[in-house]
Amino acid sequence: MSNAEWVRRGFEISLEKDRLDREAITKMLKATYWAHDVPETVLWNSIMNSRAYGLFSPEGEQAGIGRMVTDLSRFAWMSDVYVLPVHRGQGLGEWLIHTMLNDPAVAGVRRVMLSTHDAQDLYKRFGFEEIADGSEEARQMMQLLRAPDEGN
């Protein structure tokens, strides 16, 4: 894995795991509906064993996180996309998602999936579609299915 970095208006997205603030990230994620009951060690292990995108403020503080669980060729699961409330409203969540999807290491992955209870409209702007079988669980699951040669 490369230690790529992206910068925008003083904010930075980095793949350098040694920069991640464990305490800040676990506090962020423990406040979410999807990870509130996950033990801190399990949360941290999931981050350390994923392609983790740390979002940092201009002051260098942890401002958000996103991660991909992927084989870097056929499948990726986008997870734990989160921006601290104090930094919301600046397009940072969209930038984080865009960066994750367009990271050269992931851009060629054909199927990207995620699960969300409340952000379907956000992810639809990036081409994700609901998996339509009509069940409640399926309405929470979304995927982006790319053409085999797209992103190469």
To the nearest 0.5 Å, how far apart are CZ in Arg51 and CE in Met78? 12.0 Å
Measuring from Tyr82:OH to Leu29:CG, what's the distance to the nearest 0.5 Å? 8.0 Å
So, does Ser57 use its side chain to make a donor-acceptor pair with the main chain of Glu61 at under 3.5 Å? yes
Sequence neighbours excluded, which residues qualify as side chain to side chain donor-acceptor pair (under 3.5 Å) partners of Glu12? Arg19
Closest heavy-atom pair, Gln62 versus Asp21, reported as atoms and distance to 0.1 Å, is OE1-N, 2.9 Å
Any donor-acceptor pair under 3.5 Å from Asp103 side chain to Thr99 backbone: no
Minimum heavy-atom distance Arg9-Pro58, with the two atoms named: O-CG, 4.2 Å
For a quick test of reading the model, state the closest non-hydrogen atom pair linking Met100 to Gly66 and the distance between them. CE-C, 3.7 Å
Check whether Val7 and Trp95 end up in the same hydrophobic cluster, where Ile, Leu, Val, Met, Phe, Trp and Tyr are linked by side-chain heavy atoms less than 4.5 Å apart. no
How are the rings of Phe11 and His87 set relative to one another: parallel (under 30°), tilted (30 to 60°) or perpendicular (over 60°)? perpendicular
Is it true that Met113 and Trp34 fall in one hydrophobic cluster, defined by side-chain heavy atoms closer than 4.5 Å? no
Would Ile97 and Val112 show up in the same hydrophobic cluster when neighbours are defined by side-chain heavy atoms closer than 4.5 Å? yes
Chi angles and distances behind the side chain to side chain contact (heavy atoms under 4.5 Å, CB included) call for Val81, Tyr123: CA-CA 11 Å; Val81 177; Tyr123 290 105; 3.6 Å; yes
CG-CG distance between Leu20 and Leu55, expressed to the nearest 0.5 angstrom: 11.0 Å
Could you please spell out the steps behind the side chain to side chain contact (heavy atoms under 4.5 Å, CB included) verdict for Arg22 and Ile47? CA-CA 10 Å; Arg22 179 179 179 154; Ile47 291 164; over 6 Å; no
Out of curiosity, does Val69 fall in the hydrophobic cluster containing Ile65 (side-chain heavy atoms, cut-off under 4.5 Å, transitive links)? no
State the CD-CE distance between Glu23 and Met28, to the nearest 0.5 angstrom. 11.0 Å
Passes side chain to side chain contact (heavy atoms under 4.5 Å, CB included), Asp118 versus Tyr33? Steps please. CA-CA 10 Å; Asp118 57 0; Tyr33 68 81; 3.5 Å; yes
Working to the nearest 0.5 angstrom, can you tell me the gap between Arg110 CZ and Asp71 CG? 12.5 Å
Can you list everything that forms a ring pair (Phe, Tyr, Trp, His ring centres under 6.0 Å) with His98? Sequence neighbours excluded, please. none
I'd like to check Phe128 versus Gln120 (side-chain heavy atoms, cut-off strictly below 4.5 Å). Are they in contact? no
Just wondering, more than 12 heavy atoms not from Arg74 lying within 6.0 Å of its CZ? no
Might you point out which heavy atoms bring Trp77 and Leu114 nearest each other, and give the distance in Å? CH2-C, 3.7 Å
Checking Tyr53 against Met68 for the side chain to side chain contact (heavy atoms under 4.5 Å, CB included) test, could you report, in this order, the C-alpha distance in whole Å, the side-chain angles of both residues, the deciding distance, and whether it holds? CA-CA 8 Å; Tyr53 299 79; Met68 288 275 204; 4.0 Å; yes
Return the minimal non-hydrogen interatomic distance between Met48 and Lys17, and the atom names on each side. O-NZ, 2.6 Å
Taking all heavy atoms of Ala52 and all of Leu15, pick out the closest pair and write down the distance. O-CD2, 3.2 Å
Which one of Leu144, Val109, Leu96 satisfies the side-chain contact (heavy atoms from CB on, under 4.5 Å) criterion with Leu101? Leu144
Atom pair CG (Asp80) and CD1 (Ile25), whose distance is rounded to the nearest 0.5 Å: 9.5 Å
Is it the case that over 12 heavy atoms from other parts of the model lie below 6.0 angstrom from the NZ atom of Lys27? no
